[in-house]
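Structure first, commentary second.
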Amino acid sequence: MLYNYKTMTKASDVFTLKNRNKVEVTFIARGGQVTSIKVPDSAGEIADVVIGYPTIEGALAGDGYFGALCGRYANRVVNGQFEIDGTTYQLDCNNDKNHLHGGVDGFNNRIWEVEPITLEKFEQAYKLSLVSEDGDQKYPGQLKVDVIYGLTKSNEFVIEYAAETSKPTIINLTSHAYFNLKGAGTGTVENHELQINAAQYTPISAEIGTVTGEIVPVAGTAMDFVEGKSIGSALSANDSQVKLVDGIDHNFVIDGYDGMIRLAAVLSDPDSGRKLEVYTDQPGVQIYTGSHFDGSETGKLNAPIEKWAGVALETQIFPDSPNKAHFPSAVLRPGEVYKHTCVYKFS
Ligand code: BGC
């Protein structure tokens with residue numbers, strides 16, 4: 001699909017948010033895909049801190065999850081199945097035997113309607129909207145989604161999600177940018193320091209293809225980022241969970257989550273001094289170190305997009321929550337409003 005016929009928004013339409021500190025977020029209508037985030041370092045040196053492609057054409061042809069809005073259910077639903085009120089639903093399985101990021105034609109693939117909006121808390125903001133019809137990718141209910149992208153004067157790129165459904169359904173929206181604070185194309189994130197406010201995480205199994213349902217302490221494992229450490233130290237650890245996915249592709253359980261916005265994680269690059277704080281009201285954050293990149297694609301600065309070139313910090317509910325009664329609920333019912341805030345604060 002090249003056009004959203006309702007508004008004639010084109011896939012390649014480009015939008016930019018700017019603030020007084022020269023922070024600049026660029027995105028396209030297709031997938032609400034964030035194609036660049038330019039941030040100065042302490043010396044004023046600007047770098048583009050999300051990995052991707054040198055051109056919009058490249059973004060449209062390349063990895064459709066880069067910087068994109070993912071849904072209806074970001075992350076995995078085991079066997080693509082779930083049950084609500086005694087009815088079983090079968091989604092398409094686009095990730096071996098599991099459903100990933102909303103299916104083959106997920107929200108990352110849609111042309112969002114985009115309009116500039118004015119909100120006092122933002123120096124600049126846009127509203128992105130989408131109507132996903134009943135049965136879209138085999139999900140029940142018509143889902144209306146509004147996402148606000150806002151940039152504050154304090155260098156916060158804020159993503160506010162809201163959605164309503166016409167029938168009981170499941171939902172888990174996220175944003176899939178991979179960060180490299182030294183600058184996309186300058187190497188891997190192995191030397192980046194990561195601190196996560198998560199004393200627990202959800203281990204995965206190769207056989208299931210995602211979480212087992214256990215919630216275990218990070219203490220004594222490679223997943224212990226409570227005090228902060230380099231990502232590389234976890235990547236090189238002799239740890240069976242790391243070896244399974246040749247990196248980190250895990251959901252962390254944010255300490256004390258209660259629906260209020262709290263600091264989930266801090267990523268920093270010792271070379272440039274750039275820092276990213278991630279705040280959210282969601283219970284989890286999926287940390288993904290981009291282990292499937294193999295250098296075959298050319299990214300920004302004309303450098304190959306190599307393994308571990310960036311790290312995604314995706315705020316969300318836990319993977320496969322619809323099938324895990326003890327995980328936070330992903331069910332949305334008519335009359336309720338799904339809400340999710342994610343703040344990426346740069347300094
Ligand atoms: C998942 C990875 C997956 C990637 C696809 C991430 O959110 O955790 O397992 O390969 O998305 O881009």
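First listed ligand is number 1; within each ligand, the first listed atom is number 1.
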Task: Matching residue for Q286 among N251, T174, D249, T315 - test: side chain to side chain donor-acceptor pair (under 3.5 Å) - done: D249

Task: Shortest protein heavy-atom distance from atom 3 (C) of ligand 1, along with the residue and atom involved - done: R76 NH2, 3.9 Å

Open item on the list: Using ring centroids (six-membered ring only for Trp), state whether Y65 and Y178 fall under 6.0 Å.
Closed with: no

Open item on the list: Among residues at least two apart in sequence or on other chains, which ones pass side-chain contact (heavy atoms from CB on, under 4.5 Å) with E277?
Closed with: L263, V266, K275, Y279, K345

Open item on the list: Return the closest protein heavy atom for atom 2 (C) of ligand 1 as residue, atom name and distance.
Closed with: D249 OD2, 3.2 Å

TODO: Below 4.0 angstrom from a heavy atom of Q286, which ligand 1 atoms are there? Numbered from 1 as shown, please.
DONE: 8 (O)

Open item on the list: So if I count the atoms of ligand 1 from 1 in the order they appear, which ones are less than 4.0 Å from some heavy atom of Y178?
Closed with: 12 (O)

Open item on the list: Counting only heavy atoms closer than 4.0 Å, does ligand 1 sit against the backbone of H250, its side chain, both, or neither?
Closed with: neither

Open item on the list: Run R333 and T165 through side chain to side chain donor-acceptor pair (under 3.5 Å) and show every step you take.
Closed with: CA-CA 6 Å; R333 294 181 182 278; T165 183; over 6 Å; no

Open item on the list: Within ligand 1, which atoms have a heavy atom of E314 less than 4.0 Å away?
Closed with: 6 (C), 7 (O)

- [ ] Show which atoms of ligand 1 fall inside a sub-4.0 Å distance from at least one heavy-atom site of Y65.
- [x] 5 (C), 12 (O)

- [ ] For residues 253-267, pull every pair meeting side-chain hydrogen bond (donor to acceptor under 3.5 Å, both in side chains), keeping only residues two or more places apart or in separate chains.
- [x] D258-R262

TODO: Give a yes or no on whether the ring-centroid distance for Y73 and H99 is below 6.0 angstrom.
DONE: no

- [ ] Could you tell me which atoms of ligand 1, counted from 1 in the order shown, lie closer than 4.0 angstrom to a heavy atom of H176?
- [x] 4 (C), 6 (C), 7 (O), 11 (O), 12 (O)

